Amino acid sequence: MPRTTTRPTADRPLAALPWEELVTSALLGTDRRPPVAPGGRVPADGPAALLDAVALHTVRRRAGLLPAVPGARPEPTPYDPRPQLPEAARHRLAQLLADRAAPTASGRRGAAPDLTELIPQWLATANRQGFRAPAALVPPLLDAARARTDLRPQALAFAGPLGLWLAALNPEWKFALRGSAGGSLVPDTSDPEAVRRLWEEGLFAERIALLDAVRAREPGAALALLTTTWPTERAEDRLMFLDSLRTGLGAGDEEFLEQALADRSRNVRATAAELLSALPSSAFAGRMAARATSCVNPDRTGAGSGAGASIAVEAPHECDAGMQRDGVAAVPPTGRGERSWWLVQLVEATPLGVWQEQFGGRPAEEIVALPVADDWAGELHAAWCRAAVRQRHPEWARALLGAASAPPAGSPGPASIAERSKLLAVLSEAERAGWVAEFIAAHGLSEAFQLLGVCTVPWAGPLGRAVVDALDIARDGGSYPWSFSGVMGLAERCLDPAEADRLEVLTATPDEQEDASPGAGGYWSEAFQRLVSTLRLRAAMEAELT
């Protein structure tokens, strides 16, 4: 073997310098911060001497390391009784998690499906079928959920006990422990001792999941559990716990909610008032109704064609202590008048059945069509809209939406698409889809995106046909499909996959018209090809899981 020569320590004048000194010289450079050996000697070859000293220090540091003390081994992952995925579905999930549909160099998406956007639908179907996640795919699934918050509820439910077990070992996945309650492990709610222990000692997300589970099984038991620690909970936690009472809300919750009206947190008081207003027979609803009906009445002055043929409004002149205790905010938002602000809060907390009694048994459709004196119509209808959403009242939601074919300005309710979307969510799935289909047929797609978002997937036949017909009309008009990319993306995820064969005819490139945008036909062809291929892929995914 060849001999190796080692320079003696004496030839390393910087060996005695502290490690921090060597690091400082290395960072600043030996020309700006030359290393100085003990005794004031500066080596002739500063950089080489510095490297020699660093090498020697490194060996010393490594030689002096002590073995780490082994930590406790983690507990085995809890048992997951759900059945395994079919092999084809497992391969599909691996493909969805690994592949990313990216634009081509020209910026065009091309005709290939966007696999990333299909992950939520795949997870929803797998969870409905009750499958458990393959162990090897749980880490990439948690990585995907870390990057996309919209995936977290479904991803954590699918990952199950293994996902939470892994999250406890990896700080990058800690969102699973503090985030969606739906992914948390819940003990057997029929075991009182296990329930009590988790409620008193568990993480916040585990306690939320526990309260939701107990509430779904026995609302009264969940309320009793909440009252045991309510005075000692933080304000933000009280707000979240109170929100759990929406499930199974009933008369048995009234006393607790009345006490919460005096809570020291404004947000807790407001939520308690909102929940009480959803109980038409509660004392709170009665108090709000008495205040609101003193402000809004049939106009009996004889100005109309009959008694109660119009609506008179006299907004409150003050926000007294009783109103404030019942959740009425005294200070309005910037730019809002005090009296109108107080009026709206009273009306939206009043049971809607009160107004039908107030106006002689008229149906909601007739009441919202009555003229309102002194330009109060906008405020009054906005308050009725919020009441219909809060109380989940289909008759009033239907009346305030009006005919889908009518222009928004001519409808009794809000012109805002966001407010209309909330009202639509109160209706049944079939009625919702029919209303949106009629809206698209009358007004096109330019304002329909938000409305489509509240429709059940897959879209009903008439709704799907209305969307495709509107897209086809836009294509024939010669415009580029980019203006409709949001709707096209929704169509890829929400159209019934059975429509793929019928849409095949739209994938052909149309003849370019003189007034059309250059190349628009080719872009539309690609967009429809992508739509058809995505629908077929969704059909395959469904078959693999069912």
Side-chain angles (χ1 to χ4, degrees), residues 120-121 124 278 347-348 351-353 355-356 362-370 372 377-474 483-499 502-503 531 535:
Q121 196 166 101
V347 173
E348 67 185 35
L352 288 164
W355 302 112
Q356 292 175 268
R362 294 176 188 261
E365 187 176 4
E366 289 186 19
I367 295 174
V368 300
L370 292 174
V372 182
E379 301 282 5
L380 183 59
H381 289 164
W384 278 339
C385 285
R386 284 191 281 276
V389 172
R390 183 184 294 184
Q391 298 170 36
R392 313 298 297 172
H393 203 302
E395 181 188 354
W396 276 81
R398 195 177 298 120
L400 289 160
L401 278 168
S405 57
S411 300
S416 162
I417 294 296
E419 292 294 330
R420 288 180 159 210
S421 298
K422 294 175 184 177
L423 289 171
L424 276 171
V426 177
L427 304 180
S428 68
E429 295 176 2
E431 189 174 2
R432 208 182 306 166
W435 195 94
V436 177
E438 188 178 345
F439 180 91
I440 291 171
H443 308 294
L445 291 170
S446 59
E447 295 184 330
F449 183 80
Q450 213 165 352
L451 301 177
L452 288 167
V454 299
C455 294
T456 306
V457 177
W459 289 337
L463 176 57
R465 286 192 290 274
V467 171
V468 173
D469 288 346
L471 289 170
D472 195 18
I473 290 171
S483 301
F484 304 92
S485 59
V487 174
M488 185 65 81
L490 270 181
E492 292 171 14
R493 300 188 295 275
C494 301
L495 271 177
D496 189 336
E499 297 285 317
R502 189 177 70 84
L503 299 177
L531 174 59
L535 293 179

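Everything quoted here is computed from the prediction, not taken from an experiment. As a basis for the values below, the full set of heavy atoms in this structure was taken, side chains included, without hydrogen atoms, waters or symmetry mates.
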Q: Find the distance between CG (L495) and CE (M488) and round it off to the nearest 0.5 Å.
A: 9.5 Å
Q) Which residues satisfy the salt bridge (Lys or Arg N to Asp or Glu O under 4.0 Å) test with R502, sequence neighbours excluded? A) E499
Q: Could you pull out the closest heavy-atom pair between P394 and R392, with the gap in Å?
A: CD-O, 3.2 Å
Q) When rounded to the nearest 0.5 angstrom, what is the spacing between CG in L423 and CG in L401? A) 4.5 Å
**Q.** Least distance between heavy atoms, L445 atom then V467 atom
**A.** CD1-O, 4.2 Å
Q: Look up atom CZ in F439 and atom CG in L452, then write down how far apart they are to the nearest 0.5 Å.
A: 9.5 Å
Q) Can you name the residues that form a side chain to side chain contact (heavy atoms under 4.5 Å, CB included) with E419, not counting sequence neighbours? A) P414, S416, K422
Q) CG/D496 to CG/L463 distance, rounded to the nearest 0.5 angstrom? A) 11.0 Å
(Q) Which heavy atom of V426 sits nearest to which heavy atom of A388, and what is that distance? (A) CG2-O, 3.9 Å
Q: Output every pair passing side-chain hydrogen bond (donor to acceptor under 3.5 Å, both in side chains) with a member in residues 425-437, not counting sequence neighbours, ordered by first then second residue.
A: R398-E431
Q | Taking every non-hydrogen atom, the tightest pair across S421 and Q450 | A | OG-O, 3.5 Å
Q. Looking at residues at least two apart in the chain, or sitting in another chain, which of them share a side chain to side chain contact (heavy atoms under 4.5 Å, CB included) with A377?
A. V372, H381
(Q) According to salt bridge (Lys or Arg N to Asp or Glu O under 4.0 Å), who are the partners of E348, at least two apart in sequence or on a separate chain? (A) R386, R390
Q) Would a distance-only check, ignoring hydrogens and angles, find a side-chain to backbone donor-acceptor pair under 3.5 Å from E447 to I417? A) no
Q: Inspect the surroundings of CD in E366 and state if more than 12 heavy atoms from other residues, nucleotides or ligands are less than 6.0 Å away.
A: yes
Q: List the atom of Q356, the atom of E395, and the distance in Å for their closest heavy-atom pair.
A: NE2-OE2, 3.5 Å
Q | Separation of L451 CG from L424 CG (nearest 0.5 Å) | A | 6.0 Å
Q | Nearest atoms (heavy-atom pairs only) where L535 meets A491 | A | CD2-O, 4.1 Å
**Q.** Candidate pair V368 and W396, rule side chain to side chain contact (heavy atoms under 4.5 Å, CB included), full reasoning
**A.** CA-CA 9 Å; V368 300; W396 276 81; 3.7 Å; yes
Q) According to the side-chain hydrogen bond (donor to acceptor under 3.5 Å, both in side chains) rule, which pairs have a member within residues 457-469, sequence neighbours left out? A) none
Q | Spatial distance of atom CG (L380) from atom CH2 (W355) [nearest 0.5 Å] | A | 7.0 Å
